[in-house]
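Here the structure is laid out as structure tokens; the discussion comes afterwards.
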Amino acid sequence: MSSSSSSSSLPPQTLKIGIVGFGTFGQFLAKTMIKQGHTTRATSRTDYSQLCHQLDVPFFRDVIPFLEADNDVILICTSILSLSEVLNSMPLRRLKRHTLFVDVLSVKEHPRNVLLRVLPENMDVLCTHPMFGPESGKNGWKDLPLVYEKVRVRDETRCSSFLHIFESKGCRMVEMSCEEHDKVAARSQFLSHSIGRILAEMGIESTSMNTKSFETLVKLKESTTNDSFDLFSGLFIHNRFAQQELMNLEQSFEKVKQRLLKKMSEQQSLSSV
Ligand code: NAP
């Protein structure tokens with residue numbers, strides 16, 4: 001893993017970016033790209049024509065003209081669970097030129113494998129994970145991590161120009177293999193989402209006597225349940241390291257519970273003498 005500057009010696013290019021999946025996260029990224037002067041267009045399962053009209057982003061209901069539009073970059077922002085279905089349904093042979101495919105999925109080995117499987121060999125592949133979302137990134141992206149792996153990059157200038165979108169916003173650029181990302185994310189992001197979901201299941205709510213730690217728990221519950229359940233289950237289903245972490249969580253919960261019960265029975269036997 002390395003924290004690095006990804007810039008090439010050439011000045012960054014203005015890019016034509018085609019976004020696949022214009023849900024919460026796709027829209028969030030598009031707004032910054034537009035502000036930076038890039039040209040965006042979008043396609044999605046849902047009809048976002050009206051919203052796109054307001055944003056001045058051409059929306060393509062039909063994926064063929066989208067693919068035939070002159071895209072430098074195709075940015076995949078679909079859910080983790082729908083990635084294979086979405087890519088398999090795209091007639092990728094209609095691509096007119098060498099394009100950089102970038103994904104932003106919150107797991108990394110899965111999109112890397114799918115992209116390498118379905119894309120023609122002459123397409124470049126950059127796998128990224130912005131470690132923030134519309135809520136945590138609403139006041140700027142400074143110091144927020146952007147994890148990436150240049151999986152198959154021949155056009156370095158175009159790739160650097162894409163990474164510059166994040167670099168110029170002050171993101172911490174972390175170059176890391178997809179495998180390493182998934183290992184670390186299972187023990188950090190998946191774990192925090194799991195605990196947030198457990199707290200939501202318990203129905204915890206803010207009280208009039210919150211400690212700071214309890215406030216942290218309430219915030220965790222709120223931030224994790226703001227994300228879709230598809231996103232959370234994708235973190236589990238398509239990260240091969242997540243199942244072990246779920247078992248670790250269960251075993252650790254059981255160990256803590258057993259320690260408490262043991263202590264309680266020790267206390268009870270002391271007080272009964
Ligand atoms: P999400 O629930 O993970 O994904 C929603 C997107 O997936 C929408 O564009 C939706 O299309 C599309 N989609 C879902 N099921 C589909 C299907 N069966 N066929 C075609 N398209 C389908 O929510 P999200 O927050 O927008 O995240 C998008 C991606 O960004 C995910 O891969 C996520 O892991 C990643 N990401 C999210 C965050 C975040 O904070 N939210 C941060 C970093 C990375 P329609 O809108 O057209 O229905």
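We count ligands from 1, going down the list as the structure has it; atoms in each ligand are counted the same way.
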At what distance is the nearest protein heavy atom to atom 9 (O) of ligand 1, and which residue and atom is it?
G23 N, 3.0 Å
Taking the six-membered ring for Trp, are Y48 and F59 parallel (under 30°), tilted (30 to 60°) or perpendicular (over 60°)?
perpendicular
Using 4.0 Å as the upper bound for N to carboxylate O, is an ion pair formed by E222 and K219?
no
Donor-acceptor check, side chain of S44 to backbone of F22, threshold 3.5 angstrom: yes or no?
yes
With respect to D230, determine whether any N or O atom, backbone or side chain, lies less than 3.5 Å from an N or O atom of ligand 1.
no
We want to know whether R154 and N122 form a side-chain donor-acceptor pair, criterion being a heavy-atom distance below 3.5 angstrom.
no
Please work out whether any backbone atom (N, CA, C, O) or any side-chain heavy atom from C-beta onward of V86 is under 4.0 Å from ligand 1, and answer side chain, backbone, both or neither.
side chain
Which atoms of ligand 1 sit under 4.0 Å from any heavy atom of P130?
42 (C), 43 (C)
Tell me the closest heavy-atom pair linking L163 and K150, and the distance in Å.
CD1-CE, 4.2 Å
Starting from atom 44 (C) of ligand 1, what is the nearest protein heavy atom, named by residue and atom, and what distance separates them?
V104 O, 3.1 Å
Option with minimal heavy-atom separation from atom 46 (O) of ligand 1, where the choices are F28, F22, Y48
Y48
Ring geometry between F166 and F162 (parallel below 30°, tilted from 30 to 60°, perpendicular above 60°):
tilted
T216 side chain vs K212 backbone, donor-acceptor pair below 3.5 Å:
yes
Nearest heavy atom to atom 47 (O) of ligand 1 wins, so pick from S82, S44, P111.
S44
Side chain, backbone, both or neither: E85 near ligand 1, heavy atoms under 4.0 Å
side chain
For atom 19 (N) of ligand 1, closest protein heavy-atom neighbour
R45 CD, 3.7 Å
F132: numbered ligand 1 atoms lying under 4.0 Å from its heavy atoms:
40 (O), 42 (C), 43 (C)
Do the side chain of N113 and the main chain of H110 share a donor and acceptor less than 3.5 angstrom apart?
no
Got an N/O contact under 3.5 Å between H129 and ligand 1?
no
Out of T46, L29, T78, indicate the one that has the non-hydrogen atom closest to atom 45 (P) of ligand 1.
T46
Ligand 1 atoms in contact with G21 (distance to a heavy atom under 4.0 Å)
9 (O)
Could you identify the single nearest non-hydrogen protein atom to atom 40 (O) of ligand 1 and state the distance to 0.1 Å?
G133 CA, 3.2 Å
Fit a plane to each ring of F28 and W141, take the angle between them on a 0 to 90° scale, and name the class: parallel (under 30°), tilted (30 to 60°) or perpendicular (over 60°).
tilted
Look only at the side chain of K221 and the backbone of R197, and say whether a donor-acceptor pair between them is shorter than 3.5 Å.
no
Hey, does C77 sit under 4.0 Å from ligand 1 if you only count heavy atoms?
yes
At under 4.0 Å between heavy atoms, which part of S228 makes contact with ligand 1: side chain, backbone, both or neither?
side chain
For ligand 1, is there an N or O atom under 3.5 Å from any N or O atom of P134?
no
Is a salt bridge present between R158 and D124, judged by a nitrogen-to-oxygen distance below 4.0 Å?
yes
Got an N/O contact under 3.5 Å between G26 and ligand 1?
no
For atom 39 (C) of ligand 1, grab the closest protein heavy atom and report residue, atom and distance to one decimal in Å.
F25 CD1, 3.6 Å
For ligand 1, which atoms have a heavy atom of S106 less than 4.0 angstrom away?
33 (C), 34 (O), 35 (C), 36 (N), 43 (C), 44 (C)
With D72 as reference, evaluate H98, H38, Q13, R97 under the side chain to side chain donor-acceptor pair (under 3.5 Å) test and give the passing residue.
R97
Where the side chain of N88 meets the backbone of S84, is there a donor-acceptor pair that is under 3.5 Å apart?
yes
Give the residue and atom name of whichever protein heavy atom lies nearest to atom 14 (C) of ligand 1, and the separation in Å to one decimal.
S79 OG, 3.3 Å
Given that the side chain starts at C-beta and the backbone is N, CA, C, O, which of these parts of D227 lies under 4.0 Å from ligand 1, counting heavy atoms, or is it both or neither?
side chain
For K108, is there any backbone N or O sitting under 3.5 Å from a side-chain donor or acceptor partner on D182?
yes
I80 heavy atoms within 4.0 Å reach ligand 1 at atoms 32 (O), 34 (O)
